[in-house]
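Since we're looking at a predicted model, the values are computed, not measured. Order of the sequence lines sets the chain letters (A, B, ...), proteins ahead of strands, with each chain counted from 1.
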Amino acid sequence: MPARARAGRGTGTWHGHAAAWTPAPPSVPSSVPPRRPCTVFKSAVVAALREALGADAEGLDLAAQLSPPPKVEMGDLAFPCFPLAKIRKAPPPKIAAELAAAIPAGGPIAEVKALGPYVNFFADPAAMLTALHEGLEDGSFFDALRTDAPTRVMIEFSQPNTHKVFHVGHLRNVCVGDALVRVFRARGHDVVAANYYGDFGIDVAKCLWWLRGHPQEEPPVEGRTAWLGQAYTAATLTVEEAEGQGQEEGDAIKASIREVLTAMEEGEAEVTELYRETRQWCLDEFASIYGWLGVGFDTDFFESELEEAGNAVVDDYLAKGVFVESRGAIISDLEEQGLSVALVRKSDGASLYMTWDLALARRKFDEFDVQKSLYVVGSEQTLHFQQLFATLGNMGYERAKDCRHVSYELVMLPEGKMSSRKGTAIPFHQLRTRVLAAIHAKMDDAEHEVDPDTADKVAVACLKYGMLHVGNGRRVVFDIDDWTNPEGDTGAYLLYSLARIAGIQRKAGEGVDLAQAVSPDSGFGVEAERGLLNHLMSYPQVVARVEDSCDPSALASFVYEGAKRFSRFYQECPVLKADEPLRLARLQLAACTQRVFTEALGLLGIDAVEAM
RNA sequence: GCCCCCGUAGCUCAGCUGGAUAGAGCGUCGGUUUCCUAAACCGAAGGUCGCAGGUUCGAGCCCUGCCGGGGGUACCA
């Protein structure tokens, strides 16, 4: 329905508070060779294996074979011996035993053990901790996130329609898009975050038509955009009603709506005035939403600006034979590519969605010089984007192959599909107050009330985590009660674990010198500690995977899993009461956890809190 | 009809690109606070990973065919 309205580029205006905008992590000067601490142990294992295998290692990607065993007590990295069975003509468990015997412990490798068909390697926990801690201190850990092939990429998302209600369903797009912007930046890409406002067309005309027909209706002081949304809905219902009465009645109403559109296009004074004013209300509302969410854009496109350019593209490529006339309309014929045909101009001469998208894409390539182009749009538009990209290819744009539709599924309510028609869609302004109310109801107690700043952060965390912890291809069920539940798999739980870390640090006080190496006999390295440590080490791979899949849910899972592991550590391993040097080691681990979590949550657009 | 997505515990979902005994949360039952935030932790119960074949040393993951749910399929965005 109101899916995606997009259009031309604006002036690089920023929506939302610049202060709420988290820039990409500062890049480390390239003169500092990255140490990549998470790979120290792994590369030692690979080297040891290569040595032990000799000629048998040829043709095997040893690093790719290594993965963590299912449980920490089994080791930190496992090498499966199945592929060797053919080469060595021996059963895998036998090979594993031979290899384990042939590889000596030493350096970061504390122990080597054969377990069935696997060779399991144990890392020296103190050495790992020190490597991670130093890597976080000097920035090399996050430097390891960076891709070897940085590129200029545009990520288009949000695409709200003016004159319609902005509701929970639209929030998912914003969360996914914003997270991708942050992830791509962390990976070192040059990212242009783009919004594309649906601020023109027949739907806008519908709303204005209804307003003109009901001059006695006055906009409320609060909630003007909701009022516009209601006008739009009322107009839609009126049209449907008329159509129900008969062909003529329906056509009559549609004709009068079209007159409003024509008046808009021709700049007729009274309509234009109304259009400008109401459009601005909506843009202001969007800006305040993005501000609250901490989401920013580098450039704005408007549908209202693309009409002319779109028609020019159609004329151009009609002349070049890329487009053809069919049944009175102009089409992009994609039958041979298995994509049916895409209409680029209606038989009445009007342009459509595809027309503007062609002009927009051209602008992205030519004006912004983007190498890669992401479109975060609902899955119902899959065919549209297949057709768009295929058409761009036919027009000669090589970079069409680097265009990608990041599709995601609908947001549902516990009672089922939401419908703005039935009024079941929760408009954003209600959403905000309802979520905050739920947070207060659950977090406040007799002694103290949670402060507004923290409540806001928790509310945003609950919303974003709720939207992001499910894979893009699955529907999300929005349930305020569930999402704000302080117990369980929610954003509140994540922030709570960070608040506990902050608590430890407050009580540890100043004057703790964390920058010492942990001595090997500190006793550090019980399961809860190693489990957490290993998990933190896997962070760069997770980020790389998110870039690849364009699905931030892996990052959400990473943080949640990490919070679980931290909670176990917190429960089983007293930090402040531990004796030195164990205390130092645990303080370091807590500090590492804090840094990685804060960073990972940051990529999801979630701010940490100091206390809850 | 054709195309795309989804099907994993009662419910909501993970499952690291094919590896070890399939994991969480909610809900249910039972434990843990003179101890850094119990918004937590531990344990129990709960599974023919939609069905049937196939590939493979090995399949929840890959291939084929069915079944079920959703979306799309020339003048809406």
If we count only N and O atoms by modelled type, under 3.5 Å, do the side chains of [X] and [Y] hold a donor and an acceptor together?
{"X": "Gln381(A)", "Y": "Tyr353(A)", "value": "yes"}
{"X": "Asp199(A)", "Y": "Ser304(A)", "value": "yes"}
{"X": "Ser567(A)", "Y": "Tyr493(A)", "value": "yes"}
{"X": "Glu307(A)", "Y": "Ser351(A)", "value": "yes"}

If the condition is side chain to side chain contact (heavy atoms under 4.5 Å, CB included), which residues does [X] pass it with, not counting sequence neighbours?
{"X": "Asp482(A)", "result": "Asp479(A)"}
{"X": "Glu449(A)", "result": "His440(A), Asp444(A)"}
{"X": "Glu335(A)", "result": "Asp333(A), Ser340(A), Val341(A)"}
{"X": "Pro486(A)", "result": "Lys442(A)"}

Please classify the nucleic acid contact of [X] as base, sugar-phosphate, or nothing, using heavy-atom distances under 4.0 Å.
{"X": "Asp481(A)", "value": "nothing"}
{"X": "Gly471(A)", "value": "sugar-phosphate"}
{"X": "Ala508(A)", "value": "nothing"}
{"X": "Ser557(A)", "value": "sugar-phosphate"}
{"X": "Ala329(A)", "value": "base"}
{"X": "Tyr560(A)", "value": "sugar-phosphate"}
{"X": "Leu352(A)", "value": "sugar-phosphate"}
{"X": "Lys564(A)", "value": "sugar-phosphate"}
{"X": "Ser567(A)", "value": "sugar-phosphate"}
{"X": "Lys442(A)", "value": "nothing"}
{"X": "Ser326(A)", "value": "base"}

- prompt: Arg568(A) or Ile202(A): which one's nearest nucleotide on RNA chain B is closer to the 5' end?
  reply: Arg568(A)
task: Between Asp489(A) and Lys86(A), name the one whose nearest nucleotide on RNA chain B is closer to the 5' end.
output: Asp489(A)
Please determine whether the number of non-hydrogen atoms from other residues, nucleotides or ligands lying under 6.0 Å from atom [atom1] of [X] exceeds 12.
{"X": "Glu415(A)", "atom1": "CD", "result": "yes"}
{"X": "Glu580(A)", "atom1": "CD", "result": "yes"}
{"X": "Glu610(A)", "atom1": "CD", "result": "no"}

- request: On the 0 to 90° scale, with breaks at 30° and 60°, tag the Tyr275(A)-Phe200(A) ring pair as parallel, tilted or perpendicular.
  value: perpendicular
Listed nucleotide nearest any side-chain atom of [X], set [options]:
{"X": "Arg327(A)", "options": "G72(B), A74(B), A20(B)", "value": "A74(B)"}
{"X": "Tyr493(A)", "options": "C41(B), A39(B), C57(B)", "value": "C41(B)"}
{"X": "Leu343(A)", "options": "C16(B), A74(B), G25(B)", "value": "A74(B)"}
{"X": "Leu383(A)", "options": "U73(B), A39(B), C26(B)", "value": "U73(B)"}
{"X": "Met443(A)", "options": "C26(B), A39(B), A74(B)", "value": "A39(B)"}
{"X": "Leu115(A)", "options": "A77(B), U12(B), A20(B)", "value": "A20(B)"}
{"X": "Val341(A)", "options": "C13(B), A74(B), G25(B)", "value": "A74(B)"}

Distance between [atom1] atoms of [N] and [M] (Å, rounded):
{"N": "G60(B)", "M": "C16(B)", "atom1": "C1'", "result": "14 Å"}
{"N": "C41(B)", "M": "G47(B)", "atom1": "C1'", "result": "26 Å"}
{"N": "G1(B)", "M": "G10(B)", "atom1": "C1'", "result": "38 Å"}
{"N": "G70(B)", "M": "U8(B)", "atom1": "P", "result": "15 Å"}
{"N": "A40(B)", "M": "G25(B)", "atom1": "C1'", "result": "14 Å"}

Dump the pairs, protein N or O against N or O of nucleotides 67-69 of chain B, anything under 3.5 Å, distances to one decimal.
none

Check nucleotides 4-8 of chain B for protein N or O atoms closer than 3.5 Å to its own N or O atoms and list the pairs.
unit_1: C5(B); atom_1: O2'; unit_2: Gly473(A); atom_2: O; d: 3.2
unit_1: G7(B); atom_1: OP1; unit_2: Arg474(A); atom_2: NH1; d: 3.0

- line: Listing for RNA chain B: consecutive Watson-Crick or G-U pair runs of at least 3, distance cutoff 3.5 Å, ranges ordered by first number, gives B:1-7 with B:67-73, B:10-13 with B:23-26, B:28-32 with B:40-44, B:50-54 with B:62-66
field: Pairs meeting criterion salt bridge (charged side-chain N to carboxylate O under 4.0 Å, His left out) with involvement of residues 534-547 of chain A, two or more places apart
entry: Arg187(A)-Glu547(A)
Separation of [X] atom [atom1] from [N] atom [atom2], in whole Å?
{"X": "Tyr465(A)", "N": "A14(B)", "atom1": "OH", "atom2": "P", "value": "10 Å"}
{"X": "Leu360(A)", "N": "A77(B)", "atom1": "CG", "atom2": "C1'", "value": "15 Å"}
{"X": "His163(A)", "N": "C76(B)", "atom1": "NE2", "atom2": "P", "value": "21 Å"}

B/S/- contact track for nucleotides 28-37 of chain B, protein heavy atom under 4.0 Å: -------SBB
Is it true that [X] and [Y] have ring centroids separated by less than 6.0 Å?
{"X": "Tyr560(A)", "Y": "His469(A)", "answer": "no"}
{"X": "Phe478(A)", "Y": "Trp483(A)", "answer": "yes"}
{"X": "Tyr408(A)", "Y": "Phe157(A)", "answer": "no"}

task: For U17(B), decide between syn and anti, treating a glycosidic angle within 90° of 0 as syn.
output: syn
message: Which is it for U33(B), anti or syn, if anything within 90° of zero counts as syn?
response: syn
Show each protein N/O and nucleotides 58-64 of chain B N/O combination with a separation under 3.5 Å, one pair to a line.
none

field: Contacts of type side-chain hydrogen bond (donor to acceptor under 3.5 Å, both in side chains), residue Tyr465(A), not counting sequence neighbours
entry: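 For Tyr465(A) the side-chain hydrogen bond (donor to acceptor under 3.5 Å, both in side chains) partners, ignoring immediate neighbours, are Asp489(A).
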message: Can you pull out the residues from residues 582-589 of chain A that lie within a 4.0 Å heavy-atom distance of RNA chain B?
response: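 Within residues 582-589 of chain A, no residue comes under 4.0 Å of RNA chain B.
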Flag the pair [X] / [Y] as yes when at least one side-chain heavy-atom distance between them is below 4.5 Å, and no otherwise.
{"X": "His405(A)", "Y": "Val377(A)", "value": "yes"}
{"X": "Leu536(A)", "Y": "Leu589(A)", "value": "yes"}
{"X": "Thr454(A)", "Y": "Leu495(A)", "value": "no"}
{"X": "Phe385(A)", "Y": "Asp357(A)", "value": "yes"}

